[in-house]
Asks: 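To start, I am sharing the structure in question, which I have written as structure tokens.
This chain uses plain numbering: 1 for the first residue, then up along the sequence.
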Amino acid sequence: MKEKFLKILLNPKYIFGVYLIISVVTALSKFSKGDHAINNYLIFKNVFFNTINEKNLYLQYPELFQDSNHYGIFFSLLIAPFALMPDWLGICLWNVANTLIFLYAIKKLPFSDPKKALFALFCLQEYITSSLYFQFNIALVAHLMLAAIYIYESKETKSVGAMLVGFFVKIYGILGLSQFFFIKNKGRYILSGIVIALLFFVIPMLYSSPSFVLQSYADWYQSLSEKNGQNQGLTSYQDISLMGVVRRIAGDPSISNLAFLAFGLPLFAIPYVRMKQYKNYAFQLMILASTLLFLVLFSSSSESPTYIIAVVGVMIWFFLQKERSPFIIGLLIFVIIFTCFSTSDLFPKFVKENYIKKYSLKSVPCIVIWLRVIYELLTKNFEKDYSLNS
């Protein structure tokens, strides 16, 4: 019985199947609770309809949804097939589509099947949190993973394409360029990137107009600038980041992001001096892990559903380990309990409201892991100390 259970647990197709079932169940569950429960999806689908009607994508339309859109106009193309469906079907297939690209990215990782199954299992709670909000984060982390994987496979066009999908939807996708130094054919990557970027820029003009697209990019910049200021409030559901922890403990929302980026960016960049390690796939993947963590920890826009990105970074770090000491396992447990389950019923509401949310404590385990990742990037021999395809 035990062997049969382990066989199921360590087979990716079973946990992948669980993901697909959950993607549909969470969508229908939210749909059954009314429009307020699927508010994000209503925002997303109206990006398409507002583009067609050439209405400002970043204003609030309280008769249709609450809050406002913060995705680029290119997103109108991605959401179009789902927006044209009845809402109950559109939200199900939207969740399924995001889930499939995420599972495909996990499948492409250079780990054994049992490791891929556990990788998906350990990400499951954070995946559920993100899927309940219908956000693009699940697909974004998948595109960043694929951008790195395709570079190692010398598929430069696919890599830059994956990166640009993320960039044109959420500006953070540009961090896919963290893998640029590992590209063998940089000329092909750059040329493909220019062509694909032009296509992504022009396509929305086909069902709106050039002037509307240009204006939408200006509006997008303005929207993101305003949102950044709003995120830094001490009671915001966002700013679950390194900056958020410090700002909220200090009780000072005016502390600038620049103060943190001044040390965070150099720390992020220092491992690139180890050029002899570039050829090792494990080093490239560890840079990816650092990138995914950095993206979340140094953004005031980070909220609970964003943490699927950081947790994937944690799992890449963990499954690269050749030797899993009690310390390494302890760090993983720290993340699973205090990041993945910090917003669940595992913690009493009093604790969540007065400590976890109030001080952005969901980010703390990931901060520790990111510092550990930087340490390993600077000190380890990636040819001997890390394990792939096993």
Side-chain angles (χ1 to χ4, degrees), residues 12 16 100-120 123 138-167 172-197 268-295 309-322 370 373-374 376-390:
F16 286 5
L100 285 173
I101 187 68
F102 180 61
L103 296 176
Y104 177 71
I106 293 176
K107 186 175 183 295
K108 291 281 288 180
L109 288 169
F111 300 139
S112 65
D113 281 351
K115 283 186 177 180
K116 290 175 185 176
L118 290 173
F119 188 109
C123 290
I138 296 168
L140 176 61
V141 69
H143 281 90
L144 290 171
M145 292 164 69
L146 290 172
I149 292 165
Y150 285 140
I151 282 175
Y152 187 77
E153 295 178 351
S154 296
K155 297 176 180 177
E156 289 86 3
T157 301
K158 286 186 175 182
S159 173
V160 72
M163 183 274 291
L164 286 171
V165 168
F167 173 67
Y172 307 127
I174 196 66
L175 284 176
L177 290 176
S178 64
Q179 301 282 314
F180 182 80
F181 293 106
F182 311 136
I183 298 169
K184 297 180 179 69
N185 191 332
K186 290 181 174 61
R188 182 190 297 164
Y189 184 92
I190 293 169
L191 182 60
S192 298
I194 292 171
V195 172
I196 295 170
F268 175 78
I270 285 173
Y272 286 98
V273 303
R274 303 189 70 199
M275 289 182 284
K276 290 183 179 179
Q277 299 292 332
Y278 282 13
K279 65 181 183 297
N280 297 310
Y281 196 8
F283 182 81
Q284 297 179 24
L285 289 175
M286 196 68 84
I287 288 287
L288 173 62
S290 174
T291 301
L292 298 177
L293 286 158
F294 181 88
L295 185 159
I309 299 172
V311 168
V312 167
V314 171
M315 296 310 158
I316 291 172
W317 162 78
F318 180 77
F319 285 102
L320 282 173
Q321 304 297 316
K322 193 171 186 179
W370 183 66
V373 167
I374 295 298
E376 293 184 15
L377 282 168
L378 291 173
T379 62
K380 299 292 185 177
N381 183 327
F382 281 80
E383 188 172 356
K384 296 193 306 182
D385 297 340
Y386 292 87
S387 177
L388 297 174
N389 296 311
S390 62

Asks: Would you say Lys384 has more than 12 foreign heavy atoms packed within less than 6.0 Å of its NZ?
Replies: no

Asks: Between Phe294 and Ser178, does a side-chain contact (heavy atoms from CB on, under 4.5 Å) hold up when you go through it step by step?
Replies: CA-CA 11 Å; Phe294 181 88; Ser178 64; over 6 Å; no

Asks: If the condition is salt bridge (charged side-chain N to carboxylate O under 4.0 Å, His left out), which residues does Lys380 pass it with, not counting sequence neighbours?
Replies: none

Asks: Closest approach of Val160 and Gly193, non-hydrogen atoms and distance?
Replies: CG2-CA, 3.5 Å

Asks: How many angstroms lie between CZ in Phe382 and NZ in Lys279, if you round to the nearest 0.5 Å?
Replies: 12.0 Å

Asks: Is the number of heavy atoms from other residues, nucleotides or ligands under 6.0 Å of Tyr272 OH greater than 12?
Replies: yes

Asks: Look up atom CH2 in Trp370 and atom CZ in Phe268, then write down how far apart they are to the nearest 0.5 Å.
Replies: 8.0 Å

Asks: Kindly give the heavy-atom pair with the smallest separation between Tyr386 and Asn381, and that separation in Å.
Replies: CD1-O, 4.2 Å

Asks: Does any N or O in the side chain of Gln179 come within less than 3.5 Å of the main-chain N or O of Gln284, such that one atom is a donor and the other an acceptor?
Replies: yes

Asks: Could you give all pairs that pass the salt bridge (Lys or Arg N to Asp or Glu O under 4.0 Å) test and reach residues 147-162, with sequence neighbours left out?
Replies: Lys108-Glu153, Glu153-Lys155, Glu156-Arg188

Asks: Where do Tyr281 and Ile149 land on the side-chain contact (heavy atoms from CB on, under 4.5 Å) test, with the steps shown first?
Replies: CA-CA 9 Å; Tyr281 196 8; Ile149 292 165; 3.6 Å; yes

Asks: Could you walk me through whether Val312 and Leu144 satisfy the side-chain contact (heavy atoms from CB on, under 4.5 Å) test, starting with their C-alpha distance in whole Å, then the side-chain angles of each, then the deciding distance to 0.1 Å, before giving a yes or no?
Replies: CA-CA 11 Å; Val312 167; Leu144 290 171; over 6 Å; no

Asks: Just wondering, are more than 12 heavy atoms of other shown residues or ligands nearer than 6.0 Å to NZ in Lys186?
Replies: yes

Asks: Taking the side chain as every heavy atom from C-beta outward, state whether Leu293 and Trp317 have any pair of such atoms under 4.5 Å apart.
Replies: no

Asks: Looking at Asp113 and Pro12, what are the two nearest heavy atoms and their distance?
Replies: O-CG, 3.2 Å

Asks: Could you check whether the rings of Phe180 and Tyr189 sit parallel, tilted or perpendicular, using 30° and 60° as the cut-offs?
Replies: perpendicular

Asks: Quick check for you: to the nearest 0.5 Å, what is the distance between Leu164 atom CG and Ile174 atom CD1?
Replies: 7.0 Å

Asks: Answer yes or no: is there a donor N or O on one side and an acceptor on the other, between the side chain of Lys116 and the main chain of Lys107, under 3.5 Å?
Replies: yes

Asks: Hey, what do you get for CG (Leu320) to CG (Asp385), rounding to the nearest 0.5 Å?
Replies: 11.5 Å

Asks: Parallel, tilted or perpendicular: which describes the rings of Phe182 and Tyr278, with under 30° parallel and over 60° perpendicular?
Replies: perpendicular

Asks: So do the side chains of Leu177 and Phe167 get within less than 4.5 Å of each other, counting heavy atoms only?
Replies: no

Asks: Could you pull out the closest heavy-atom pair between Thr291 and Leu175, with the gap in Å?
Replies: CG2-O, 3.6 Å

Asks: Could you pull out the closest heavy-atom pair between Ile151 and Ser159, with the gap in Å?
Replies: CG1-OG, 3.1 Å

Asks: Do Phe181 and Ile287 pass the side-chain contact (heavy atoms from CB on, under 4.5 Å) test, and can you show the C-alpha distance, the side-chain angles, and the key distance before you say yes or no?
Replies: CA-CA 11 Å; Phe181 293 106; Ile287 288 287; over 6 Å; no

Asks: How close do Met145 and Leu109 get, counting heavy atoms only, and between which atoms?
Replies: CE-CD1, 3.8 Å

Asks: Give, for atom CZ of Phe283 and atom CE of Met286, the distance between the pair rounded to the nearest 0.5 Å.
Replies: 9.5 Å

Asks: Which distance, rounded to the nearest 0.5 Å, do you find between the CD1 of Ile190 and the CD1 of Ile183?
Replies: 7.5 Å

Asks: Would a 4.5 Å heavy-atom cut-off, applied to side chains only, mark Thr157 and Leu191 as touching?
Replies: no

Asks: Between Ile374 and Ile270, is any pair of side-chain heavy atoms under 4.5 Å apart?
Replies: no

